[in-house]
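Here the structure comes first, spelled out in structure tokens, and everything after it is commentary.
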Amino acid sequence: MSNLAKRLISGSLLVAVVTILVLRGPAWSIALSLALVAFLAGLELAAISGPGRPLWSRIAVALLAALSSAAVSLAFVVPAAPLAALLAIAPVSLLLGLALSARAETSVATSRAAFAAFGATYCGALLGSISLLHPMTSVALPPAGPAAETGRTWILLLVLGIVASDTFAYAFGRLLGKRKLAPRVSPGKTWAGAFGGVAGTVAAVAAFKLVALPDLLWWEIVALGVPLSVCGQLGDLAESLVKRGFGVKDSGRLIPGHGGVLDRLDALMFGAPIVLLYSLVR
């Protein structure tokens, strides 16, 4: 089976699972799923940053990421949860570095401890922000954040916008791409692809307005679509920077045709805060 076929099949299955979870699953199931994904992403990031890192250390980084995701998910229900997680991340990461220093050079242990703290925010907090689009309003008094049903719509809009950005960026890049966007970080990306991704997201948001979000004003389509695509593409470049810095091509092999969890969700993680903030201030 070709890599493209694997990519299409696994991508279709992922979209189907996410759609069913968002439309039918309770808020806690979305938060729990995101915490699990943050754990897997944390494992990948720990493996990238330290090939010789012991298994217990990788698991510790993954648990920090899952903790951060869960804490952010509870922000509307338990306002102190994100702060508590933030206060725990620094000392836990430093203790992790202290434990590693017994088996590795101090400089290596320190850098890995710093990367553990970074991973908790990158893999955990950004993914946790997605669940805030569909908060646990049933137990929040008074309800905070987007209403539950509207929240489901915002999550689907986020996913659709990022998928459209990736798809159009790839198509425009292949057809028209000549000038490289960031050749030292991601040689395959072009300016034509970047503008194509923005156009694709704006078109997707416009279509979504007609089908599922009629109260979204026409000027808001551009106001939301442009930064969503731009931030998503920056997320993709940021993950490419991390991988290139550590000399790896893919973050993992969990998803056939796509690589790892981070490879598939890097753009979504950077786009999620944009949709969340927009849904709260509009």
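- Taking both residues in full, the closest heavy atoms of F270 and G235 are given as CG-CA, 3.3 Å, listed atom of the first, atom of the second, then distance.
- Atom OG of residue S131 and atom CG of residue L74 lie 8.0 Å apart, to the nearest 0.5 angstrom.
- No donor-acceptor pair closer than 3.5 Å links the side chain of S69 to the backbone N or O of A65.
- You'll find the side chain of V242 reaches within 4.5 Å of the side chain of L45, heavy atoms only.
- Remark: I89 CD1 to S68 OG distance equals 4.5 Å, nearest 0.5 Å.
- Looking at heavy atoms from C-beta onward, K189 lies in side-chain contact with L237 at the 4.5 angstrom threshold.
- Between F39 and I59, the closest heavy-atom pair is CE1-O, 4.2 Å.
- The cationic atom of K180 (NZ for Lys, CZ for Arg) does not lie both less than 6.0 Å from the six-membered ring centre of W191 and within 45° of the ring axis.
- A 6.0 Å sphere centred on CZ of F195 holds no more than 12 heavy atoms belonging to other residues, nucleotides or ligands.
- When the side chains of ILVMFWY residues are joined at heavy-atom separations under 4.5 Å, either directly or via intervening members, W219 and V202 end up in a single hydrophobic cluster.
- A distance-only check finds a donor-acceptor pair linking the side chain of E220 to the backbone of L217 [under 3.5 Å].
- Between L265 and V37, some side-chain heavy-atom pair lies under the 4.5 Å cut-off.
- Looking only at distances, a side-chain donor or acceptor of E44 sits under 3.5 Å from a matching main-chain atom of L262.
- In this structure, a donor-acceptor pair under 3.5 Å is absent between the side chains of S240 and K243.
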Candidate pair L156 and V18, rule side chain to side chain contact (heavy atoms under 4.5 Å, CB included), full reasoning: CA-CA 9 Å; L156 291 177; V18 169; 5.5 Å; no
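- With R244 contributing its side chain and R184 its backbone, the two residues share a donor-acceptor pair below 3.5 Å.
- How far CG of L21 is from CG of L34: 8.0 Å, rounded to the nearest 0.5 Å.
- The distance from the CG atom of L158 to the OG1 atom of T153 is 12.5 Å, given to the nearest 0.5 Å.
- The nearest pair of heavy atoms linking A272 to L126 is CB-O, 4.1 Å.
- In this structure, the side chains of L228 and L157 stay at 4.5 Å or more apart for every pair of heavy atoms.
- F115 and V61 end up in different hydrophobic clusters when Ile, Leu, Val, Met, Phe, Trp and Tyr side chains are linked at under 4.5 Å.
- In this structure, the side chains of S57 and L96 come closer than 4.5 Å at one or more pairs of heavy atoms.
- Between V261 and L40, the closest heavy-atom pair is CG2-CB, 4.0 Å.
- Here the side chain of S229 pairs a donor or acceptor atom with the backbone of G197 at under 3.5 angstrom.
- Taking each heavy atom of P227 and A223 in turn, the nearest pair found is CG-O, 3.0 Å.
- Here D166 contributes atom CG and Q233 contributes atom CD; the two are 8.0 Å apart, rounded to the nearest 0.5 Å.
- W56 and A99 make their closest contact through CH2-CB, 3.5 Å (heavy atoms, listed as atom of the first residue, atom of the second, distance).
- Counting heavy atoms from C-beta on, the side chains of S73 and L127 never come closer than 4.5 Å.
- The backbone N or O of V22 sits less than 3.5 Å from a side-chain atom of R152, completing a donor-acceptor pair.
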Full working for side chain to side chain contact (heavy atoms under 4.5 Å, CB included) between L268 and I162: CA-CA 6 Å; L268 194 74; I162 292 299; 3.9 Å; yes
S33 and I30: CA distance, side-chain angles, deciding distance, side chain to side chain contact (heavy atoms under 4.5 Å, CB included) verdict: CA-CA 5 Å; S33 298; I30 297 175; 5.8 Å; no
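- A single hydrophobic cluster is seen to contain both V159 and L210, as judged by linkage of ILVMFWY side chains at heavy-atom distances under 4.5 Å, directly or through other members.
- Formation of a donor-acceptor pair under 3.5 Å by the S279 side chain with backbone atoms of L276 is found in this model.
- Heavy atoms from other residues, nucleotides or ligands lying under 6.0 Å from OH of Y170 number 12 at most.
- Linking Ile, Leu, Val, Met, Phe, Trp and Tyr whenever their side-chain heavy atoms come within less than 4.5 Å leaves V72 and V92 in two separate clusters.
- Between the side chains of Y122 and E239, no donor-acceptor pair of N or O atoms lies under 3.5 Å.
- When the side chains of ILVMFWY residues are joined at heavy-atom separations under 4.5 Å, either directly or via intervening members, W154 and L23 end up in a single hydrophobic cluster.
- For the atom pair T110 OG1 and E105 CD, the distance stands at 10.5 Å (nearest 0.5 Å).
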Side chain to side chain contact (heavy atoms under 4.5 Å, CB included) between L87 and L83, intermediate numbers included: CA-CA 6 Å; L87 293 176; L83 176 61; 4.1 Å; yes
